Amino acid sequence: VQLQASGGGLVQAGGSLRLSCAASGRTVSSYGMSWFRQVPGKEREFVAAISWSGGNTFYGEAVKGRFTISRDNAKNTVYLQMNSLKPEDTAVYYCAASFLGDGPYYRGNYFRAEEYAYWGQGTLVTVSS
């Protein structure tokens with residue numbers, strides 16, 4: 001599975017961006033998908049996750065109420081709609097795919113980077129104040 005993240009860029013505080021993660025090589029319709037972000041010198045941070053069907057979504061505390069994760073399995077693509085952006089949202093954003101599509105274990109471990117077998121190359125989001 002290859003994951004290609006796109007949609008990053010420079011935006012002013014309060015603005016919006018939509019990130020896309022297109023999968024190729026095989027369908028990810030049965031995979032749990034997530035977004036993580038990382039600032040240089042800091043650990044990778046969980047942002048949002050979505051189960052294979054889209055029926056369950058999860059968010060990190062820092063982005064709850066502002067970001068929305070969604071997926072289109074027909075297009076093999078996952079999205080992250082980011083609204084009300086803040087300077088502290090500045091980071092490289094990575095999409096990731098997990099063999100765990102849903103279920104009790106996934107719902108307890110979706111935030112762990114080690115649960116994801118495939119990672120995209122990252123897209124930079126810069127929010128200016």
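FYI, side chains are in, hydrogens and waters are out, and symmetry mates aren't considered; it's all heavy atoms of this structure. Counting begins at 1 with the first residue of the sequence. Note that this is a predicted model, so its numbers are computed, not measured.
Under the 4.5 Å side-chain heavy-atom criterion for Ile, Leu, Val, Met, Phe, Trp and Tyr, Y31 and F36 are members of distinct hydrophobic clusters. Residues I50 and Y59 fall within the same hydrophobic cluster, defined by Ile, Leu, Val, Met, Phe, Trp and Tyr side chains chained together at heavy-atom separations under 4.5 Å. When hydrophobic clusters are built by joining Ile, Leu, Val, Met, Phe, Trp and Tyr residues whose side-chain heavy atoms come closer than 4.5 Å, directly or via intermediates, W35 is grouped together with L85. Clustering ILVMFWY residues whenever any of their side-chain heavy atoms sit less than 4.5 angstrom apart, transitively, puts L19 in a cluster other than the one holding Y110.
By the 30° and 60° cut-offs, the orientation of the rings of Y94 relative to W119 is perpendicular.
By the 4.5 Å heavy-atom criterion applied to side chains, M82 and V127 are not counted as neighbours. Put simply, the side chain of V78 reaches to within 4.5 Å of the side chain of I69, judged on heavy atoms.
Aromatic ring centroids of F58 and F46 lie 6.0 Å or more apart. Less than 6.0 angstrom separates the ring centroid of F99 from the ring centroid of Y118.
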Does the side chain to side chain contact (heavy atoms under 4.5 Å, CB included) test come out yes or no for R37 and L80, once each step is laid out?
-> CA-CA 12 Å; R37 66 187 182 186; L80 184 69; over 6 Å; no
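Judged by distance alone, the side chain of N76 and the main-chain N or O of R26 form a donor-acceptor pair under 3.5 Å. Remark: side-chain polar atoms of S51 are paired, donor with acceptor, to backbone N or O of N56 under 3.5 angstrom.
To the nearest 0.5 Å, atom OG1 of residue T77 and atom CE of residue M33 are 9.0 Å apart. Rounded to the nearest 0.5 angstrom, Y79 OH and S70 OG are separated by 7.0 Å. The CG atom of N73 sits 5.0 Å away from the OG atom of S29 when rounded to the nearest 0.5 Å.
A side-chain hydrogen bond (donor to acceptor under 3.5 Å, both in side chains) check over residues 1-20, counting only residues at least two apart or in different chains, returns the pairs S16-N83. Among residues at least two apart or in separate chains, salt bridge (Lys or Arg N to Asp or Glu O under 4.0 Å) pairs with a member in residues 66-87 are R66-D89.
With 3.5 Å as the limit, one finds a donor-acceptor pair spanning the side chains of Y116 and S34. Using modelled atom types and a 3.5 Å distance limit, the side chains of Y105 and E115 yield a donor-acceptor pair.
Between V125 and L17, the closest heavy-atom pair is CG1-CD1, 3.9 Å. Of all non-hydrogen atoms in Y106 and G32, the two that sit nearest each other are OH-CA, 3.7 Å. Across A13 and S129, no two heavy atoms sit closer than the pair CB-CA, 4.3 Å. When all heavy atoms are compared, the tightest approach of L10 to S128 is CD1-CB, 4.3 Å. Closest of all the heavy-atom pairs between L3 and C21 is CB-SG, 3.9 Å. Counting all heavy atoms, side chain and backbone alike, V1 lies closest to A23 at CG1-CB, 4.5 Å.
Surrounding CZ of R107 are more than 12 heavy atoms belonging to other residues, nucleotides or ligands, all under 6.0 Å away.
Shown here are the salt bridge (Lys or Arg N to Asp or Glu O under 4.0 Å) partners of E61, two or more places apart in sequence or in another chain: K64.
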